[in-house]
Amino acid sequence: MDESSLEAAFIPALHKPTALLPIAKHRTSILYLVETFPVTIVVGQTGSGKSTQIPQFLENAGWCTDGKVIGVTQPRRVAAITVAMRVAEEFGCEVGKEVGYSIRFEDATSSSTRIKFLTDGMLIREALVDPLLSRYSVIMVDEAHERSISSDILLGLLKKIRKKRPDLRIIISSATLQAEDFRSFFSGPKGEAAPDDTHIDDIASIISLEGRTYPIDILYLDSPAEDYLEKAVSTVFKIHENEPNGDVLVFLTGRDEIEQAVQAVSEWSTKLPPGSQSILPLPLYAGLSADQQMYVFEEAPENFRKVIFSTNISEASVTIDGIVYVVDSGFVKLRAYNPKTGIESLTATPVSKASAAQRAGRAGRTRPGKCFRLYTEEAYQSLPDANVPEIQRSNLAPFILQLKALGIDNVLRFDFLTSPPAELMTRALELLYSLGALDDYAKLTKPLGMRMAELAVEPMMAKTLLSASSFGCLSEILTIAAMTSLGGSVWIQHEGEKKKTESAKRKFSVEEGDHLTLLNVYQAFVTKGRREARFCHENLLNFRAMSQAVSIRAQLKRYLERFGIKVEESLASPSASTANKAEQIRRCLTAGYFAHAARMQPDGTFRNVSGTTVLHAHPSSILFNRKADWVIFHEVMETANKTFIRDITKINKEWLLEYAPEFYKTS
DNA sequence: GAGCACTGC
């Protein structure tokens, strides 16, 4: 056979698939770098095997002698569990033996554990007890490019620890774009120590691993879409009509949009000619129950093309097999925090290039795929490289408290990967001061501030809990703290059954507000409902959330007992007990939430104390459309149209002056 | 009279 005939038969592929190189090929170089450099930055995509293989290479190479442990942090609990399970299997041991994991409520480790997977928040907690993290020989921070607050703070701590523990080895796993940021964070800017430019960085090095993805065609719109929701739906139709088999994943921003799109597609798909392949549209967002979420993982019935309309949950947290086409709206809902008002907002924002790449990558996991971006290539070029790190757009109070508890007094000087705006710091310090966690010199108070830092709830609730004994309602406040930390997932909402949910709620409602109502729900669950799923089902309660509340409550109780605070359990429902008990609970809540006070106006809306912000009771509140005067609330959030307050309780104005005279002395 | 993306101790 001559060469020319070969050329005639084969056409070179437009895109070459990335080589399927196993990470094993890099074993020696990784070990060399970890041996030589204090900090190693590993660049590799999902699927490169870095999280599972690198810890095993290190264990094998003797990094666990003398009882030392290799710690691998993950941003999410599920990831810590699943990676630990896979590594344990490859290692040939049970989870919890040589390979284990540690997350809130679950410690699957033992004295024989050598490779330990844990959430980054958990490792920061460990530093409270063991400030130099002396048990660990190597710490690998996985998915550091996501720039969560905890992984950012962890990196700052590790940089500090490294100076006192030169033997500690740090591995940071990152996407390509951010690798250089991490390197210069640990080594200083390139050439800083060498004016002659021949300086070889002796602190941090970067290694790249090939990922295992297939090529993906990226397609842009030639002119901007007026309505990306409409465009998303019509793009799905086009894919269905023109493209070969393969499931579709559509990225939208929220529940509303997703339900609309699912509706539109299912109406349209009934008009498909009989006999042709049909479409199965499915929603996916965090608010769905576990059962409803499971549908997206099931294979579509024969002659159906699965189309999943999803929030950002599928960008990193959830992986669905069989996706060949991705439709990217180009938007995501992001949380922001306004330090001037202390109000969080949640608004649809253009995605970053990093996010867009991650979304597109979801198409190429099993075979070559296509990504339809519902924006122009020009618009893509103007997107920011990465999202603004969480630390620059969040309420920092809980983290300042943790840093202080770790002995870092001068938080303004803390070495942040990216510094938070000064206003955010000031706001957090002011709040902590007003709660009594910090003294006039911004030092952590003892025991109050120290205990607030140790409790796994946000500062205002921590203050409430630590005040509860003196109000004689600790048992009740423990329950309320657990229930509010569920973040509104107590009730199950089925589509088109809003009325049913409302009447289910009414059964437990307490006139004074949401906190006492939540207390009522919990007490009914553990007594009448015997903590069973059936009770939840009958009352439209979220069983998973209620069980979670039981665990959180138990954990908080253990903390308090460790502080020497006695918890006297009482299971009387607030309505059945004296009115005095309910009042004590409301007073106690005021002692922690005085900064979240508002007063109802004649028009039914609320104003904050300074009168500057119009607040609306969230429709999920018992006080929605009811009359009230002064209230305190757990949470405030701004959406596109309105600013809502959630978990609201009626109080007396005098209590504010009684429990926060400093805070309210001018008003 | 109307709605919150995601994660964590």
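Within every chain, numbering begins at 1; the chains are lettered A, B, ... in the order of the sequence lines, protein sequences first and strands thereafter.
- At the heavy-atom level, A:Glu635 lies under 4.0 Å from base atoms of the strands shown.
- At the heavy-atom level, A:Phe105 lies nowhere under 4.0 Å from the strands shown.
- Only A:Thr311, A:Ile313, listed by number, bring a heavy atom of residues 307-315 of chain A to less than 4.0 angstrom from any atom of DNA chain B.
- Screening residues 349-358 of chain A for salt bridge (Lys or Arg N to Asp or Glu O under 4.0 Å) gives A:Lys353-A:Asp385 as the qualifying pairs, with residues at least two apart or on separate chains.
- Below 30°, between 30° and 60°, or above 60°: for A:His515 and A:His634 the angle between ring planes is above 60°, a perpendicular geometry.
- Not counting sequence neighbours, the partners of A:Thr643 by the side chain to side chain contact (heavy atoms under 4.5 Å, CB included) test are A:Ile343, A:Leu615, A:Val636, A:Glu638.
- A:Arg393 places its CZ atom 14 Å from the P atom of B:dT7, with the value rounded to the nearest Å.
- The A:Met637 side chain lies nearest to B:dC4 when the options are B:dC4, B:dC6, B:dG8.
- Counting any heavy atom pair closer than 4.0 Å across all strands shown, A:Arg76 reaches sugar-phosphate atoms only and no base atom.
- For the segment residues 549-559 of chain A, no residue has any heavy atom less than 4.0 angstrom from an atom of DNA chain B.
- Between A:His618 and B:dC4, a side-chain N or O to OP1/OP2 separation shorter than 4.0 Å is present.
- Between A:Arg255 atom CZ and B:dG3 atom P there is a gap of 10 Å when expressed in whole angstrom units.
- Using a 4.0 Å heavy-atom criterion, one finds that A:Thr119 contacts the sugar-phosphate atoms exclusively.
- A:Ala354 pairs by the side chain to side chain contact (heavy atoms under 4.5 Å, CB included) definition with A:Leu177, A:Ser352, not counting sequence neighbours.
- Counting only residues at least two apart or on different chains, the side-chain hydrogen bond (donor to acceptor under 3.5 Å, both in side chains) pairs with a member in residues 393-409 of chain A are A:Asp409-A:Lys443.
- Listed by chain and residue number, A:Leu118, A:Asp120, A:Leu123, A:Val141, A:Leu154 satisfy the side chain to side chain contact (heavy atoms under 4.5 Å, CB included) test with A:Thr73 (two or more places apart in sequence, or in another chain).
- To the nearest 0.5 Å, atoms CG (A:Asp647) and OH (A:Tyr593) are separated by 9.0 Å.
- Nearest to the side chain of A:Lys642, among B:dC4, B:dA2, B:dC9, sits B:dA2.
- Between A:Arg77 and B:dC9 there is a side-chain polar atom (N or O) within less than 4.0 angstrom of OP1 or OP2.
- Residue whose closest nucleotide on DNA chain B sits further toward the 5' end, between A:Leu346 and A:Ala456: A:Leu346.
- The residue A:Ile103 sits close only to the backbone: its heavy atoms come under 4.0 Å of sugar-phosphate atoms, none of a base.
- Taking for each of A:Glu458 and A:Leu334 the nucleotide of DNA chain B with the nearest heavy atom, the 5'-most of the two is the partner of A:Leu334.
- Taking the side chain to side chain contact (heavy atoms under 4.5 Å, CB included) definition, one finds that A:Gln555 meets it with A:Arg104, A:Phe105, A:Ala456, A:Arg558, A:Tyr559, sequence neighbours left out.
- Listed by first then second residue, pairs satisfying side-chain hydrogen bond (donor to acceptor under 3.5 Å, both in side chains) with a partner in residues 74-84 of chain A read A:Gln74-A:Asp142, A:Arg76-A:Glu146, not counting sequence neighbours.
- Among the protein residues, A:Ser620 comes within range of no part of the nucleic acid, since none of its heavy atoms lies under 4.0 Å from any strand.
- Each of B:dG1, B:dC4, B:dA5 was ranked by its minimum atom distance to the side chain of A:Ala286; first place goes to B:dA5.
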